[in-house]
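Below, chains carry the letters A, B, ... as their sequence lines are ordered, and counting in each starts from 1.
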Amino acid sequence: MKPKYYITTPIYYVNDQPHIGHAYTTLACDVLARFKRLDGYDVMFLTGTDEHGQKVEKAAEAAGIDPQSFTDKVSVTFREMAEVMGISNDAFIRTTEERHKRACQALWQKLLDAGDIYLGGYEGWYAVRDEAFYDEGELIPGPNGSKLAPTGAAVEWVVEPSYFFRLSAWQDRLLAYYEANPDFILPPSRRNEVLGFVKGGLKDLSVSRASFKWGVPVPNDPDHVMYVWLDALTNYITAAGYPDETAENWRFWPADLHMVGKDILRFHTVFWPAFLMSAGIAPPKRVFAHGWWLIEGEKMSKSIGNVIAPRDLVAQFGLDPVRFFLLREVPFGNDGDFQRKALISRMNVELANDLGNLAQRSLSLIAKNCAGVLPAQGALTEEDTAILAAASALPQTLRTLLDRQNFHEALEEVWKVIRAGNGFIDRQAPWSLKKTDLARMADVLRVLADVLRTVATLLQPVMPTSMAKMLDQLGVPEDARDIAALATPLPGGIALPAPAGVFPRFVEEGA
RNA sequence: GGCGGCGUAGCUCAGCGGUAGAGCAGGGGAAUCAUAAUCCCUUGGUCGGUGGUUCAAAUCCGCCCGCCGCUACCA
């Protein structure tokens with residue numbers, strides 16, 4: 001039986017239009033999902049939209065439509081974003097689906113049965129004008145020693161009835177879980193943050209609201225809807241079939257990886273495992289928090305007007321180069337800077353020159369000097385063996401690196417082999433061999449074809465369309481494109497199609 | 001304020017006790033199969049500052065300077 005792999009993006013809040021940040025998270029998951037499939041795993045890759053809450057309720061009201069119609073519309077834009085980015089998700093979940101309400105209510109009941117939910121009061125400084133609660137620390141001094149919201153609005157101490165989750169009781173068990181699973185939170189710097197936070201003591205968590213209606217009703221208390229934590233996080237088990245633990249998809253739980261942005265780290269690494277443990281459900285195996293993209297050195301924001309829509313980016317540079325750039329440019333987990341110049345440089349240097357040109361020169365030599373037929377494997381020299389060994393080592397290297405979400409180094413390892421390929425072809429100079437030793441020339445070209453096949457196979461998750469073209473040109477049959485197939489050499493004598501460039505150079509308009 | 005991290009070549013970063021590294025950028029040369037792509041060689045750093053531990057410190061410890069993250073109800 002195939003091993004399983006369950007990977008999730010966060011569900012995206014429908015208060016926002018999809019931008020490069022959403023695309024980035026989803027893309028990272030897509031590459032891992034594709035890699036795992038390529039490596040023989042049974043994969044479930046989930047993404048979706050988060051559609052409840054006061055903001056949505058109000059946005060719908062402002063738009064003059066009911067919340068459901070509003071979310072129907074915005075949710076579609078996230079499906080479109082996935083399509084534009086070439087995302088291979090197996091499922092898409094919306095929190096307004098009936099199955100999700102059932103899952104939330106079932107989970108709630110479990111927590112209640114476990115004695116971890118109680119009715120209390122949510123207190124805080126509330127600004128009526130802003131319709132928002134503020135922290136003590138956020139307040140600014142007002143006239144006569146009074147306090148004001150950071151927006152300048154008057155605040156009052158308000159107590160609202162709310163259900164609470166007994167998070168305070170889970171501190172030790174959470175710490176024990178982190179201890180027993182040192183890679184539960186990555187990167188390590190984020191793990192340290194969470195550890196520090198939890199060690200500092202946990203307060204009970206307000207998990208319901210009576211102040212708005214657009215949410216999942218609390219069982220047996222129609223005045224309350226569930227607050228964001230319980231509602232949104234639960235999507236990950238809803239999609240696996242919860243509460244039906246005999247469901248087809250339940251075999252995927254616990255999730256192998258929740259990919260999240262660094263802003264929602266705590267919800268996934270503190271609240272979520274506590275909820276699950278309280279309900280007697282296994283926590284996820286890993287949460288990875290990635291960083292943000294700056295745009296040409298500036299924070300991405302609507303007010304600056306530098307928000308990048310995935311659709312525009314792909315239209316200008318093409319899908320695969322964009323996918324490649326986002327994962328290649330920055331050590332995954334760090335913040336990155338999205339520079340147009342850097343993207344073009346990666347396209348031209350690494351895709352067009354290093355990889356594209358290596359394939360093109362190798363394949364043209366085969367086309368011209370081997371009658372367009374893949375040579376059989378021949379006798380190997382020491383240098384042949386060395387480069388073939390470097391290529392053969394890649395699958396295991398990538399498994400190890402990608403199991404820690406290290407896209408940046410994984411791609412660097414592939415590029416080391418590509419660069420070695422260019423060095424190899426230069427030293428072997430098959431264009432000279434064709435005048436002196438045709439047999440050796442054929443052997444050299446076959447070695448190059450084998451190296452390219454390995455590289456193209458392994459890069460499929462990052463650049464599916466381009467690598468499919470390259471594998472076509474290398475004569476690799478569709479059913480021999482996974483990692484296991486690399487162990488079986490292609491027979492010599494396959495007729496190859498005429499080579500055609502896979503990565504054209506990007507030339508600036510008017511340059 | 002508290003806790004944590006970072007500061008290494010022009011740029012992005014790796015190294016984390018044993019004579020300073022990679023990619024890109026810059027300079028020189030070779031080759032001409034190829035998307036004028038490639039290959040080889042090379043310039044360049046008192047590893048933020050300072051004091052200490054050690055036979056030996058980017059690498060460990062103290063202090064200082066500068067940046068950054070977290071410090072719970074933002075979906």
Asker: Rounded off to whole Å, could you give me the CG-to-P distance for the A:Asp263 and B:G69 pair?
Answerer: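 One finds 13 Å between P of B:G69 and CG of A:Asp263, rounded.
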Asker: If you measure from the C1' atom in B:C60 to the same atom in B:C16, how many Å do you get, rounded?
Answerer: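 Roughly 10 Å separates the two C1' atoms.
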Asker: Go through residues 406-431 of chain A and report each residue with a non-hydrogen atom lying under 4.0 Å from RNA chain B, sorted by number.
Answerer: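 Heavy-atom cutoff 4.0 Å gives A:Arg419, A:Asn422, A:Gly423, A:Asp426, A:Trp431.
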Asker: Nearest-Å distance, CD1 (A:Ile264) to C1' (B:C70)?
Answerer: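 From A:Ile264 CD1 to B:C70 C1': 16 Å.
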Asker: Considering every strand shown, what is the Watson-Crick or G-U wobble mate of B:U38 when both distances are under 3.5 Å?
Answerer: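 Here B:U38 is engaged in a pair, and the nucleotide opposite it is B:A30.
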Asker: Which whole number of Å gives the distance between the P atom of B:C11 and that of B:G2?
Answerer: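 Their P atoms lie roughly 32 Å apart.
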Asker: What does A:Ser189 touch in the nucleic acid at a heavy-atom separation under 4.0 angstrom: a base, only the sugar-phosphate, or nothing?
Answerer: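 Nothing, no nucleic acid heavy atom in range.
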Asker: Please tell me whether A:Phe325 and A:Phe338 form a close aromatic pair, meaning their ring centres lie under 6.0 Å apart.
Answerer: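 Between A:Phe325 and A:Phe338, the centre distance is under 6.0 Å.
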Asker: Looking only at side-chain atoms of A:Arg505, point me to the closest of B:C13, B:A37, B:A72.
Answerer: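 Of the candidates, B:A37 comes closest.
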Asker: Return the value, rounded to whole Å, for the distance between atom CZ of A:Arg361 and atom C1' of B:C33.
Answerer: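 Spelled out: CZ on A:Arg361 to C1' on B:C33 is 7 Å.
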Asker: When you check the phosphate oxygens OP1 and OP2 of B:C70, does a side-chain N or O of A:Arg266 lie under 4.0 Å from one of them?
Answerer: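 No.
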Asker: For a quick check under 3.5 Å, do A:Arg505 and A:Asn353 share a side-chain donor-acceptor pair by atom type?
Answerer: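 Yes, because at least one side-chain N or O of A:Arg505 sits under 3.5 Å from a partner of the opposite role on A:Asn353.
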Asker: Under a 4.0 Å threshold between the charged nitrogen and the carboxylate oxygen, would A:Lys262 count as salt-bridged to A:Asp335?
Answerer: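 Yes, this pair counts.
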Asker: Tell me which nucleotide, if any, is Watson-Crick or G-U wobble paired with B:C3 when both distances must be under 3.5 Å.
Answerer: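 The answer is B:G69, by the H-bond criterion.
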Asker: Across the strands shown, which category fits A:Asn15 at heavy-atom distances under 4.0 angstrom: base, sugar-phosphate, nothing?
Answerer: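 No contact at all - A:Asn15 keeps every heavy atom at 4.0 Å or more from the nucleic acid.
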Asker: Verify the contact: side-chain N or O of A:Asn348 to OP1 or OP2 of B:U35, cut-off strictly under 4.0 Å; return yes or no.
Answerer: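 Result: no.
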Asker: Provide, to the nearest angstrom, the distance between the CZ atom belonging to A:Arg190 and the C1' atom belonging to B:A72.
Answerer: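 Going from CZ in A:Arg190 over to C1' in B:A72 covers 16 Å.
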Asker: Report, as yes or no, whether the 6.0 Å neighbourhood of atom CZ on A:Arg404 holds more than 12 heavy atoms from other residues, nucleotides or ligands.
Answerer: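 Atom CZ in A:Arg404 is not packed in, count stays at 12 or less.
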Asker: Within the structure shown, what part of the strands sits under 4.0 Å from A:Asn235 by heavy-atom distance: base, sugar-phosphate, or nothing?
Answerer: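 Here A:Asn235 touches no strand at all.
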Asker: When we call it a touch if two heavy atoms are under 4.0 Å apart, what does A:Leu202 touch: a base, just sugar-phosphate, or nothing?
Answerer: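 The residue A:Leu202 makes base contact.
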Asker: What's the gap between B:C33 and B:A20 when it is taken at their C1' atoms, as a whole Å value?
Answerer: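 Result for the C1' pair: 38 Å, nearest Å.
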Asker: Taking the six-membered ring for Trp, are A:Phe275 and A:Trp229 ring centroids under 6.0 Å apart?
Answerer: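 No; A:Trp229 has its ring centre 6.0 Å or more from that of A:Phe275.
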Asker: Answer yes or no: is there a side-chain heavy-atom contact under 4.5 Å between A:Phe165 and A:Ser206?
Answerer: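 In short, these two side chains do not touch, never coming nearer than 4.5 Å.
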Asker: Whole angstrom is fine here: how far is it from CZ in A:Arg328 over to C1' in B:C24?
Answerer: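 Interatomic distance, CZ of A:Arg328 to C1' of B:C24: 10 Å.
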Asker: For A:Gly336, answer base if it contacts any base atom (sugar-phosphate contacts may also be present), sugar-phosphate if it contacts only those atoms, and nothing otherwise; contact means non-hydrogen atoms under 4.0 Å.
Answerer: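 Contact class for A:Gly336: none.
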Asker: If we ignore angles and hydrogens, is there a donor and acceptor under 3.5 Å between the side chains of A:Arg286 and A:Gln405?
Answerer: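 Indeed, the side chains of A:Arg286 and A:Gln405 share at least one donor-acceptor pair under 3.5 Å.
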Asker: Could you tell me whether the side chain of A:Asn357 has a donor or acceptor atom within less than 3.5 Å of a complementary atom in the base of B:A34?
Answerer: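 When only heavy-atom distances are counted, A:Asn357 does reach the base of B:A34 through a donor-acceptor pair under 3.5 Å.
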Asker: Mind checking A:Leu167 for me? I need base, sugar-phosphate or nothing, with any heavy atom below 4.0 Å counting as a touch.
Answerer: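 Base, at least one base atom sits under 4.0 Å.
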Asker: Would you mind telling me which residue lines up with the more 5' stretch of RNA chain B, A:Arg346 or A:Leu351, judged by nearest nucleotide?
Answerer: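 Going by which nucleotide is closer to the 5' end, it is A:Arg346.
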Asker: Going through the distances and angles, do A:Lys58 and A:Glu61 end up as a salt bridge (Lys or Arg N to Asp or Glu O under 4.0 Å)?
Answerer: CA-CA 5 Å; A:Lys58 291 200 176 297; A:Glu61 200 180 301; 5.4 Å; no
Asker: Whole angstrom is fine here: how far is it from CG in A:Leu174 over to C1' in B:A72?
Answerer: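 Between C1' of B:A72 and CG of A:Leu174: 14 Å.
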Asker: May I ask you to say what A:Val502 touches in the nucleic acid, namely base, sugar-phosphate or nothing, with a heavy-atom cut-off under 4.0 Å?
Answerer: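 The answer is base, as A:Val502 lies within the cut-off (heavy atoms under 4.0 Å) of a base atom.
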Asker: What is the distance from NE2 of A:His268 to P of B:C70, rounded to the nearest Å?
Answerer: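 Value for this atom pair: 17 Å.
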Asker: Expressed as a whole number of Å, how far does the P atom of B:C73 sit from that of B:C24?
Answerer: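 Result for the P pair: 46 Å, nearest Å.
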Asker: 5'-most contact on RNA chain B: A:Lys434 or A:Trp229, nearest heavy atom basis?
Answerer: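 By nearest-heavy-atom nucleotide position, the 5'-most residue is A:Lys434.
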Asker: What distance, rounded to whole Å, do you find between the two P atoms, one in B:U35 and one in B:G29?
Answerer: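 Comparing P positions in B:U35 and B:G29 gives a spacing of 25 Å.
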Asker: Taking any heavy-atom pair under 4.0 Å as a contact, classify A:Gln360: base, sugar-phosphate, or nothing.
Answerer: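 Answer is base: heavy atoms of A:Gln360 come under 4.0 Å of a base.
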Asker: If you measure from the P atom in B:G23 to the same atom in B:A34, how many Å do you get, rounded?
Answerer: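 Roughly 27 Å separates the two P atoms.
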Asker: Give the rounded distance in Å between these two atoms: CE of A:Met470 and P of B:U35.
Answerer: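 Result: 14 Å.
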Asker: Which nucleotide, B:C73, B:G23, B:A72, lies nearest any side-chain atom of A:Lys203?
Answerer: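 It is B:A72.
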Asker: Will you find, in the side chains of A:Glu160 and A:Ser162, an N or O donor that is under 3.5 Å from an N or O acceptor?
Answerer: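 Looking only at side-chain atoms, A:Ser162 and A:Glu160 do not form any donor-acceptor pair under 3.5 Å.
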Asker: Taking syn as any angle within 90 degrees of 0 and anti as the rest, which one fits B:A22?
Answerer: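 B:A22: anti glycosidic orientation.
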